[in-house]
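We use all heavy atoms of the structure for the numbers below, so side chains are in, but hydrogens, waters and symmetry mates are not.
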Amino acid sequence: TALRSSSHGDETSTPSPPPPPSAAAAGELEKLKQEEARLSSMLASVRQQKLAVLRSRPLNIGVIGFGRFGQFIAKSFTNYGNVIGTSRGDYAAIAHEIGAEYMPLSDL
């Protein structure tokens with residue numbers, strides 16, 4: 001490491017740049033980069049397969065409280081799975097309109 005003086009007169013050490021890699025090390029580094037790229041590609045493929053499996057299974061989504069916000073949530077999620085709503089009041093007709101199932105709270 002090289003020593004240099006700071007503006008206050010004390011000496012501080014600065015790191016020296018690393019030596020250039022040898023040809024063998026450079027070759028090994030290139031192999032590791034290629035392996036990293038291969039594994040990254042494989043991981044991306046596995047993630048896509050996993051997502052396809054998850055999307056093939058319908059979700060069951062429960063909404064407790066079928067007021068305005070509950071209806072909004074239920075309507076938003078009907079594209080992603082089976083929505084079942086419940087509340088103290090009777091919202092069966094509204095649930096049917098938005099494509100959800102309604103189950104009275106007393107039946108749970």
Side-chain angles (χ1 to χ4, degrees):
T1 59
L3 295 177
R4 65 178 173 87
S5 293
S6 69
S7 61
H8 299 292
D10 56 342
E11 292 183 355
T12 59
S13 105
T14 58
S16 301
S22 67
E28 182 66 21
L29 182 60
E30 189 56 38
K31 286 180 187 176
L32 290 171
K33 285 181 180 180
Q34 289 173 358
E35 180 70 3
E36 181 180 33
R38 186 184 70 79
L39 291 172
S40 178
S41 175
M42 187 184 302
L43 180 59
S45 173
V46 168
R47 285 180 175 160
Q48 289 297 321
Q49 291 172 10
K50 179 182 172 185
L51 190 57
V53 168
L54 289 173
R55 287 184 175 160
S56 70
R57 299 181 341 190
L59 296 174
N60 291 313
I61 303 162
V63 178
I64 300 173
F66 219 68
R68 289 181 187 187
F69 186 70
Q71 292 170 36
F72 169 77
I73 293 295
K75 188 174 183 178
S76 300
F77 281 106
T78 55
N79 295 330
Y80 302 103
N82 304 318
V83 177
I84 303 169
T86 188
S87 193
R88 291 178 290 185
D90 185 9
Y91 291 94
I94 295 171
H96 181 71
E97 286 176 22
I98 62 174
E101 182 183 338
Y102 182 77
M103 183 177 293
L105 191 58
S106 60
D107 289 357
L108 293 179

In Å and rounded to the nearest 0.5 Å, what is the CD to CD1 distance from Gln71 to Ile73? 11.5 Å
If you define the side chain from C-beta out and look only at heavy atoms, does anything of Leu43 sit under 4.5 Å from Arg47? yes
Which residues end up grouped with Val53 if you chain together Ile, Leu, Val, Met, Phe, Trp and Tyr wherever their side-chain heavy atoms are less than 4.5 Å apart?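 Besides Val53, the hydrophobic cluster comprises nothing; the residue is isolated.
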Using residues 82-99 as the side-chain source, report each donor-acceptor pair under 3.5 Å to any protein atom, sequence neighbours left out, with the distance given to one decimal.
| unit_1 | atom_1 | unit_2 | atom_2 | d |
| --- | --- | --- | --- | --- |
| Asn82 | ND2 | Asn60 | OD1 | 3.1 |
| Thr86 | OG1 | Met103 | O | 2.7 |
| Thr86 | OG1 | Leu105 | N | 3.0 |
| Ser87 | OG | Phe66 | N | 3.4 |
| Asp90 | OD1 | Ala92 | N | 3.2 |

Going hydrophobic residue to hydrophobic residue with side-chain gaps under 4.5 angstrom, can you get from [X] over to [Y]?
{"X": "Phe69", "Y": "Tyr102", "answer": "yes"}
{"X": "Tyr80", "Y": "Ile64", "answer": "no"}
{"X": "Leu39", "Y": "Val46", "answer": "no"}

With sequence neighbours left out, write down each residue that passes salt bridge (Lys or Arg N to Asp or Glu O under 4.0 Å) with Glu36, or none if nothing qualifies.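 If we apply the salt bridge (Lys or Arg N to Asp or Glu O under 4.0 Å) test to Glu36, skipping adjacent residues, there are no hits.
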Keeping the roles fixed (side chain from Thr78, backbone from Lys75), state whether a donor-acceptor pair exists under 3.5 Å.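 Confirmed, Thr78 side chain pairs with Lys75 backbone.
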